[in-house]
Amino acid sequence: MESEKKPFDGFRFNKALGQNFISDKNLLGAICADAGIGNGDVVVEIGTGAGTLTEAILQTGAHVHTFEVDARLEPLIKNRLAPYEDRYELHFADVLKMTDEEFRSLCPGPFSVVANLPYYVTTPLIMRFLESDLPCKSLTLTVQKEVGERLCAPAGTSEYGAVTVSVDSYCDVSITRIIDKKMFFPAPKVDSCVIRLSVRSDKYPIEDRALFRRVVKAVFCNRRKTLENNLKSAFKISKETCSEIFSAMELPPMIRGEKLTTEQFSTLTKLIKERGGL
């Protein structure tokens, strides 16, 4: 941690809001570099905090819509960002509680998300943007290291799960750097990482998103069961139909769902729909 006075000295942190701020300018600049943002870009930041990351984003030349739920931070934020007052908009609102229409009224065009997220909102926040119709181009997020590894986990590993498949179905995901817990104040109990999610609308040919989500949830609902048993429990599928699907996909009969790649989940969804197993 830096030895000089922090920009949030004197502020009483709210543990319930997961407030852990970053003040190291090199790290803040590196997060912005990982995001690939620059002059003229529109950036959405979730969790303004003390405004340190906001300032780093603004220094790239981007225009920022920054969202914060703790109104006590307003004087701290506005004081820090005074030199940039014509290039940022501060919204005291919870993005998870906003409709797409409400969000679009504030930020109407394409945008990238850059945020140092409270750990407890990581997955809901990611899925809130990915499952919406909002024109989100990418998300670059500081998250718990364990969560980042789960989002990038390969099929067949213990970390691989429903959220891995769900996120991978929308974007390319990578960990860009590991962050020691000492780089935050107050320091959390675990290390963090920066993940970058590059949204790709054409990644997989998933026509029925609702059914795809049902299939993924069903397959991972009981990891000890075989893929066949999980499918028969969740859908109107006979053993014979399962055998036909497995044969078409060249899968062994006793395979477990955690072995399937996202592309195979996409194919499985298509075959279930074709065979009327809804």
Side-chain angles (χ1 to χ4, degrees), residues 7-8 11-23 28 31-32 34-37 40-144 147 167 170-171 184-185 188 192 194-197 199:
F8 31 80
F11 177 74
R12 296 187 66 180
F13 292 84
N14 186 331
K15 289 185 178 181
L17 296 178
Q19 292 176 327
N20 301 93
F21 300 160
I22 303 172
S23 63
L28 293 166
I31 293 171
C32 293
D34 291 348
I37 54 174
D41 289 331
V42 176
V43 173
V44 169
E45 181 191 23
I46 312 300
T48 317
T52 53
L53 179 57
T54 325
E55 183 177 34
I57 298 169
L58 288 163
Q59 288 172 347
T60 71
H63 183 92
V64 182
H65 288 271
T66 183
F67 292 81
E68 176 56 55
V69 296
D70 190 349
R72 297 177 305 149
L73 287 160
E74 185 170 9
L76 197 64
I77 296 166
K78 289 191 172 180
N79 179 62
R80 183 171 198 86
L81 303 182
Y84 315 95
E85 61 182 359
D86 60 335
R87 289 200 294 108
Y88 83 94
E89 296 175 47
L90 174 60
H91 310 287
F92 283 100
D94 186 343
V95 170
L96 291 175
K97 295 179 180 178
M98 297 173 69
T99 65
D100 284 2
E101 290 71 25
E102 289 170 335
F103 185 90
R104 197 176 279 111
S105 70
L106 300 176
C107 183
F111 60 89
S112 299
V113 176
V114 181
N116 170 28
L117 290 180
Y119 291 157
Y120 71 96
V121 300
T122 300
T123 300
L125 195 285
I126 290 173
M127 300 315 298
R128 188 265 172 274
F129 282 107
L130 295 185
E131 293 180 345
S132 75
D133 292 323
L134 298 172
C136 179
K137 300 189 295 183
S138 67
L139 300 96
T140 304
L141 311 170
T142 299
V143 303
Q144 188 174 340
V147 173
V167 170
Y170 287 100
C171 31
F184 295 86
F185 188 85
S192 296
V194 177
I195 56 168
R196 178 172 167 81
L197 298 84
V199 179

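Heavy-atom basis, side chains included; hydrogens, waters and symmetry copies ignored.
Side chains of Leu125 and Leu117 form a contact here, defined as non-hydrogen atoms less than 4.5 Å apart. Contact annotation: the side chain of Ile77 never approaches that of Thr54 to less than 4.5 Å [non-hydrogen atoms, C-beta and beyond]. Side-chain contact between Met127 and Val167 is present, with heavy atoms from C-beta onward closer than 4.5 Å. With a 4.5 Å cut-off on side-chain heavy atoms, Leu73 and Thr48 do not count as touching.
When all heavy atoms are compared, the tightest approach of Leu28 to Ala56 is CB-CB, 3.8 Å. Residues Val114 and Ala35 share a closest heavy-atom pair of CG2-CB, 3.7 Å. Of all non-hydrogen atoms in Cys171 and Leu130, the two that sit nearest each other are SG-CD1, 3.9 Å.
For the atom pair Glu131 CD and Asp100 CG, the distance stands at 11.0 Å (nearest 0.5 Å). In this structure, the separation between CG on Asp86 and NE2 on His63 is 9.0 Å, given to the nearest 0.5 Å.
Considering only residues two or more places apart in sequence or on other chains, Gln59 meets the side chain to side chain donor-acceptor pair (under 3.5 Å) condition with Tyr84. In this view, Val42 and His65, Cys107, Phe111 satisfy the side-chain contact (heavy atoms from CB on, under 4.5 Å) rule, not counting sequence neighbours.
With respect to Tyr88, the side chain to side chain contact (heavy atoms under 4.5 Å, CB included) criterion is satisfied by exactly one of Glu55, Glu45, Lys78: Lys78.
No donor-acceptor distance shorter than 3.5 angstrom exists from the side chain of His91 to the backbone of Thr66, with no hydrogens or angles considered.
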Please tabulate, for side-chain N and O atoms in residues 133-144, each donor-acceptor pair with protein atoms closer than 3.5 Å (sequence neighbours left out).
residue, atom, partner, partner atom, Å
Ser138, OG, Ser112, OG, 3.4
Thr140, OG1, Arg196, NH1, 3.4

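Phe129 has its ring centre less than 6.0 Å from the ring centre of Phe103.
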